[in-house]
2 protein chains.
Amino acid sequence: MANIQQVAKQAGVSVATVSRVLNGQNTVSSKTRIKVEEAIHKLNYEPSMLGRNLRNSESRIILILIPTISNPFYLDIIKGIENIAISQNYNILLCETDSNPEKENIYFDLVRKKMADGIISMDPAVNVDTLKKLAENHAIIQCSEYGEDSGIPYVTIDNEEASYRAVKHLIKIGHSKIALMNSDEKYLYARQRKKGYQKALEEHGIAVKDEYIIHTQHLGFEYGQQAMKKILNIEDRPTAVFAVSDLLAIGALKEINSNGLHVPNDIAVVGFDKIDFSNMTNPTLTTIAQPMHKMGTIAAKMLIDQIKGEKVESIILDHELVIRESTSG
Amino acid sequence: MANIQQVAKQAGVSVATVSRVLNGQNTVSSKTRIKVEEAIHKLNYEPSMLGRNLRNSESRIILILIPTISNPFYLDIIKGIENIAISQNYNILLCETDSNPEKENIYFDLVRKKMADGIISMDPAVNVDTLKKLAENHAIIQCSEYGEDSGIPYVTIDNEEASYRAVKHLIKIGHSKIALMNSDEKYLYARQRKKGYQKALEEHGIAVKDEYIIHTQHLGFEYGQQAMKKILNIEDRPTAVFAVSDLLAIGALKEINSNGLHVPNDIAVVGFDKIDFSNMTNPTLTTIAQPMHKMGTIAAKMLIDQIKGEKVESIILDHELVIRESTSG
DNA sequence: TTGAAAGCGCTAACAA
DNA sequence: TTGTTAGCGCTTTCAA
């Protein structure tokens with residue numbers, strides 16, 4: 001493993017010149033450049049990021065904080081981030097927090113210790129206070145999820161509006177007994193989506209029944225199944241369910257089927273996220289599509305701008321209601 | 001952002017002493033230690049990994065190479081790797097190659113340039129020659145997929161045996177017209193699983209029919225649907241399908257259902273991988289469970305041993321046939 | 001157009 | 001038990 005010294009020696013130039021060639025500076029005569037390039041080739045030299053990073057006080061690593069990699073919702077966002085990152089010579093450290101403050105802190109330490117240049121947080125359970133403090137000295141962007149008045153830039157969709165449209169769709173096709181399968185309301189998006197649900201009902205003169213609103217601890221299949229069990233046991237059984245996540249909705253689908261009921265004839269189901277699986281179920285799932293890839297690219301661009309020291313503004317992106325079999329007999 | 005110099009000054013000691021405290025060496029008197037710790041606290045000091053890494057010629061970063069993050073098969077393996085890595089103070093760079101040599105090379109460069117200490121490769125499409133060359137100077141482990149005589153240590157399961165058991169199960173429950181939905185045979189695992197399929201058939205005196213063997217380009221859901229279309233069009237239609245991936249099997253399930261046929265009454269289906277979603281389908285999917293989490297932890301341990309300069313041996317782990325509704329009416 | 005030299009922040013060998 | 005100092009590999013300022 002040769003270093004820059006040896007290359008310089010081999011080429012008969014100074015290390016400064018080698019560095020100039022390495023960084024494509026045009027203050028090097030082509031004769032010297034060729035000598036250097038030959039030396040590099042001959043010694044099979046690869047510049048060390050370790051030295052460069054220390055010198056430049058940067059790591060060229062970006063942290064992505066997600067609660068779990070098991071939710072496919074994040075996949076496209078990550079791909080979006082990755083596209084931009086790679087094109088700008090950044091690398092991505094994918095960090096699963098399990099919504100656990102201790103694990104979270106391990107990753108925060110990475111930026112405190114300069115192992116990472118910035119963070120894109122997608123964890124709704126993130127400790128906003130810690131994040132705020134960190135944001136004083138480091139580049140941070142919130143993606144999809146955000147703390148209400150954290151002052152940290154975010155890119156997201158209008159959750160209330162999306163939820164409102166989903167429920168309105170159910171009302172339009174004739175439902176009035178609509179259950180909401182929500183996650184914990186400690187999360188902002190959960191509160192926003194509940195608002196949209198309420199707004200749609202109220203706008204159509206439908207009373208909001210507390211017993212129709214079920215909360216789940218996490219956004220997994222099994223939680224959707226469990227929640228659906230409860231819904232099926234409600235005396236005045238709902239004829240439609242709006243779940244705030246496709247994984248929940250798919251769990252609900254499964255539970256409804258297992259009970260010999262039919263979707264959408266007996267119960268219509270709407271999900272949220274448009275994950276790949278939502279098209280593989282039987283019936284396919286009506287859902288809200290977020291512009292995930294775009295959200296990722298924008299978040300990455302915002303973060304990199306921030307790392308460069310530029311000021312960035314929060315953005316709210318459009319969403320789309322995708323109507324499929326689970327709401328159309 | 002204070003550095004070690006300033007801490008030393010503040011504490012009235014040398015940088016060496018601060019470094020000793022930082023690294024928990026017990027050659028520091030508790031009086032001095034306390035002075036240093038106070039200084040650290042007062043200055044809000046965080047040691048820079050950049051300096052430490054350069055000095056120690058390490059990055060404490062491990063690369064995981066996967067073809068795509070969209071296949072949930074990798075999730076548990078990654079979690080296993082992560083567990084070990086974090087406990088040993090390593091971080092993980094998740095690298096999606098898209099089975100594209102150029103993208104692959106970007107990531108290989110990371111280890112060439114010391115930005116990463118080693119690689120766990122799970123990409124069946126990886127260029128084995130490049131990998132071999134890289135392995136001369138760097139720590140590399142192959143996980144799940146491996147080059148036959150690359151000389152690079154691997155951890156995997158016995159694919160032929162697993163496949164053999166899956167097909168034998170289908171034979172035992174009365175099938176003799178069994179299709180194989182395989183991926184491209186340029187992949188070793190595809191060849192091995194085909195062998196197991198053939199072995200099971202031959203052992204029971206069932207002729208292997210070429211037209212019953214369908215190849216797909218990728219392991220996505222849609223590819224399973226397409227392949228199933230072909231199988232349904234075979235004149236002497238198979239009564240069972242063994243797919244080498246759950247995603248393919250789920251696509252097959254969907255296609256069979258869409259054609260008004262019943263699983264398993266008309267056609268039985270077996271998958272491979274036991275991804276989470278394989279339990280959410282209707283019917284639930286019979287499949288081969290690989291010990292994914294364990295595979296991940298072992299791969300990580302092997303890699304870290306290798307980074308430390310130890311010699312490591314390849315390992316073959318057990319698998320399990322999980323019988324569910326798609327093969328039991 | 002090139003080189004000498006300082007320094008990024010840390011660890012560890014050696015000396016005291 | 002502590003301090004001095006060299007040096008990990010690189011970039012960049014300054015001078016030539």
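Bear in mind the structure is a predicted one, so any value in this text is a computation, not a measurement. Note: hydrogens, waters and symmetry copies are ignored here, and every other heavy atom, side chains too, is used. Every chain is numbered from 1, with letters handed out A, B, ... down the list of sequences.
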Which atom pair, heavy atoms only, marks the closest approach of [X] to [Y]?
| X | Y | answer |
| --- | --- | --- |
| A:F73 | A:I275 | N-CG2, 3.6 Å |
| B:A125 | B:D123 | N-OD1, 2.9 Å |
| A:D117 | A:R60 | OD2-N, 2.7 Å |
| A:G80 | A:T297 | O-CG2, 3.5 Å |
| A:V111 | A:L134 | CG1-CD2, 4.2 Å |

- Message: Quick check on DNA chain D: between B:T32 and A:M49, whose nearest nucleotide comes earlier from the 5' end?
- Response: B:T32
- Students should find that the nucleotides of DNA chain D closing off the region near chain B, any atom under 4.0 angstrom from a heavy atom, are D:dT1 to D:dG9
Kindly compute the distance separating [atom1] ([X]) from [atom2] ([Y]), expressed to the nearest 0.5 Å.
| X | Y | atom1 | atom2 | answer |
| --- | --- | --- | --- | --- |
| A:M49 | A:N56 | CE | CG | 8.5 Å |
| A:I77 | A:E82 | CD1 | CD | 13.5 Å |
| A:N71 | A:E96 | CG | CD | 11.0 Å |
| B:I66 | B:I78 | CD1 | CD1 | 4.5 Å |

- Message: Angle between the end axes of the helix from C:dT1-D:dA16 to C:dA16-D:dT1, five pairs per end, to the nearest 10 degrees?
- Response: 40°
Distance check needed: [N] [atom2] versus [X] [atom1], whole Å only.
| X | N | atom1 | atom2 | answer |
| --- | --- | --- | --- | --- |
| A:K114 | C:dG9 | NZ | C1' | 9 Å |
| A:R20 | C:dT1 | CZ | P | 11 Å |
| A:M115 | C:dC10 | CE | P | 14 Å |

- Item | Partners meeting side-chain hydrogen bond (donor to acceptor under 3.5 Å, both in side chains) with A:D98 (sequence neighbours left out) | A:K103
- Query: Just checking, any donor-acceptor pair under 3.5 angstrom between side chains of A:Q217 and A:D184?
  - Reply: no
- Item | Residue pair B:S183 / B:Y189, side-chain donor-acceptor N/O under 3.5 Å | yes
Whether over 12 other heavy atoms sit under 6.0 Å from [X] [atom1]:
| X | atom1 | value |
| --- | --- | --- |
| B:E310 | CD | yes |
| B:K294 | NZ | no |
| A:E313 | CD | no |

- Task: Using heavy atoms and a sub-4.0 Å distance, could you list which residues of residues 35-47 of chain B are near DNA chain D? By number, please.
- Result: none
- Where along residues 53-61 of chain B does a heavy atom come under 4.0 Å from DNA chain D, residue by residue in number order? B:L54, B:R55
- Message: Within the 4.0 Å heavy-atom criterion, would you say B:S29 contacts the bases, only the backbone, or no part of the nucleic acid?
- Response: sugar-phosphate
- Select base, sugar-phosphate, or nothing to describe what A:T27 touches, counting heavy atoms under 4.0 Å on all strands. base
- For DNA chain C, determine which residues of residues 2-19 of chain B have any heavy atom closer than 4.0 angstrom to one of its atoms, and list them numerically. B:N3, B:I4, B:A16, B:S19
- Start with the C-alpha gap between A:R112 and A:D109, add the side-chain angles, then the distance that decides, and say whether salt bridge (Lys or Arg N to Asp or Glu O under 4.0 Å) holds. CA-CA 5 Å; A:R112 294 194 190 105; A:D109 261 352; 2.8 Å; yes
- Distance test, side-chain N/O of B:R52 to OP1/OP2 of C:dG9, below 4.0 Å: no
